[in-house]
Amino acid sequence: MTERNLLITGASRGIGAAAAVLAAKAGWNVAVNCRRERAAAEEVAAAVRAEGRRALVVPADVADEAQILALFATVGAELGPLHGLVNNAGVVDVAARVDQMSAERLARMWAINLSGSMLCAREAIRRMGRSHGGAGGVIVNLSSAAARVGSPGLYLDYSMSKAAIDHFTTGLAREVAADGIRVNAVRPGIIDTEIHATSGHAERLAAAVPQIPMARLGTADEVAQAIVWLLSDEAAYVTGALLDVTGGR
Ligand code: NAP
């Protein structure tokens, strides 16, 4: 395989970190984006290098357009032409009903989960799209099974942001197919990562298990397997797909 460069947002831990290491095993050089956890991101980059690939840590908040522009400029200057993007950075908020949600909460949710993913995709298309002089490429968005179930009483704002990611994936896949860019989404179920603890939902994990047909939580590695397959040439005819990784939920 010719050398290919991948940017994964929010790759300092969890699903993004697992995808970085698995992508390196599959031959990708990886730009590891993080927001705050630079030390953890450096460990992920070291794991990528241990697979014989090049790695770069680039801190940037995907809620900030100027930081996104700087992120892509740094990746281009230090890693080279971009061939893939995983729009992984995402947040949930504390459990709340809609009648308790503030405008600030909603603005943060849309800025990170929605605008962040769209603006990163925009920058990737400007570099990878054939109409922009690129060689084509692949984008994988992180949606969630929450997009289907709505998460009432928990975080309807989060599930709405992920339903929008599904819609974005479907439409963008058709928009940029002729540009040589495939766009797909992975929809994880309940995965054992820190996202639940950082948002005060950790105690809900055990309670959720009986609702999962396979009767266990998923792992970050299991989601990463789906991401890396969608990035690969084995998925060459797959675009606009929403791939559930949910244990049947
Ligand atoms: P996680 O363990 O909380 O990791 C999230 C990563 O995103 C961290 O590296 C975090 O870095 C980064 N991040 C957060 N906000 C950011 C921002 N504004 N700019 C740049 N990076 C940012 O989460 P995860 O469970 O691995 O989730 C990864 C993706 O999968 C998310 O999109 C999530 O919605 C989706 N997902 C997860 C589950 C699940 O059950 N875990 C289920 C369905 C979908 P900092 O800490 O430095 O901010």
Side-chain angles (χ1 to χ4, degrees), residues 5-17 19-20 30-45 55-94 96 101-129 132 134 137 139-144 146-147 155 157-169 171-172 175-176 181 183 185 193-195 197-199 227:
N5 301 321
L6 174 68
L7 167 61
I8 306 180
T9 62
S12 60
R13 62 169 191 264
I15 293 168
V30 185
V32 178
N33 160 250
C34 62
R35 182 175 49 173
R36 295 176 300 227
E37 297 181 330
R38 172 131 209 172
E42 291 290 357
E43 284 181 25
V44 175
L56 178 69
V57 172
V58 195
D61 183 342
V62 301
D64 182 331
E65 184 180 17
Q67 292 188 41
I68 290 174
L69 294 177
L71 164 65
F72 277 82
T74 301
V75 172
E78 298 196 22
L79 210 56
L82 191 69
H83 305 95
L85 166 69
V86 180
N87 262 325
N88 171 78
V91 293
V92 295
D93 213 317
V94 293
M101 289 181 187
S102 66
E104 290 74 23
R105 170 182 171 132
L106 297 183
R108 171 177 171 269
M109 185 64 63
W110 313 148
I112 297 173
N113 289 13
L114 262 186
S115 299
S117 294
M118 287 191 75
L119 292 173
C120 286
R122 181 191 74 188
E123 292 308 306
I125 292 162
R126 288 176 175 175
R127 287 159 176 79
M128 303 189 307
H132 293 277
I139 296 172
V140 178
N141 295 322
L142 265 290
S143 173
S144 169
Y155 36 69
D157 52 347
Y158 172 79
S159 63
M160 284 172 61
S161 76
K162 295 302 186 179
I165 289 293
D166 286 357
H167 193 80
F168 177 51
T169 302
L172 186 66
E175 186 166 297
V176 299
I181 301 174
V183 185
T193 72
E194 289 177 36
I195 199 169
T198 54
S199 302
I227 293 169

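Remember, it's a predicted structure, so these values are computed and weren't measured experimentally.
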[X] (side chain) donor-acceptor with [Y] (main chain) under 3.5 angstrom:
X      : Y      : value
Arg127 : His132 : no
Lys162 : Asn113 : no
Asp157 : Met109 : no
Glu123 : Phe72  : no
Ser102 : Arg105 : yes
Arg38  : Cys34  : no
Asn33  : Val58  : yes

Run the side-chain contact (heavy atoms from CB on, under 4.5 Å) test on Val86 and Leu6 for me, step by step, so that the C-alpha distance in whole Å, both residues' side-chain angles and the decisive distance to 0.1 Å come before the verdict. CA-CA 8 Å; Val86 180; Leu6 174 68; 4.0 Å; yes
Testing the basics here: between [X] and [Y], what is the closest heavy-atom pair and its distance to 0.1 Å?
X     : Y      : result
Glu37 : Ser12  : OE1-OG, 2.9 Å
Gln67 : Asp61  : OE1-N, 2.7 Å
Leu85 : Asn87  : CD2-ND2, 3.7 Å
Ala31 : Val75  : CB-CG2, 3.7 Å
Gly14 : Thr193 : CA-CG2, 4.2 Å
Leu82 : Met128 : O-CG, 3.2 Å

Donor on one side chain, acceptor on other, Thr9 and Asn88, under 3.5 Å: no
Is the shortest distance from a Lys or Arg side-chain nitrogen in Asp93 or Arg108 to a carboxylate oxygen in the other one below 4.0 Å?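 Here Asp93 pairs with Arg108 in a salt bridge, since their nearest N and O are under 4.0 Å apart.
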Is it true that Arg13 and Glu43 make a salt bridge, defined as a side-chain N closer than 4.0 Å to a carboxylate O?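 No.
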Check this for me: Met118, atom CE, are more than 12 non-hydrogen atoms of other residues, nucleotides or ligands nearer than 6.0 Å? no
For Asp64 and Ile68, what are the C-alpha separation, side-chain angles and deciding distance, and is it a side-chain contact (heavy atoms from CB on, under 4.5 Å)? CA-CA 6 Å; Asp64 182 331; Ile68 290 174; over 6 Å; no
Side chain to side chain donor-acceptor pair (under 3.5 Å) for Asn141 and Ser117? Distances and angles first, verdict last. CA-CA 8 Å; Asn141 295 322; Ser117 294; 5.3 Å; no
Gap separating the CZ atom of Phe168 from the OG atom of Ser161, nearest 0.5 angstrom: 13.0 Å
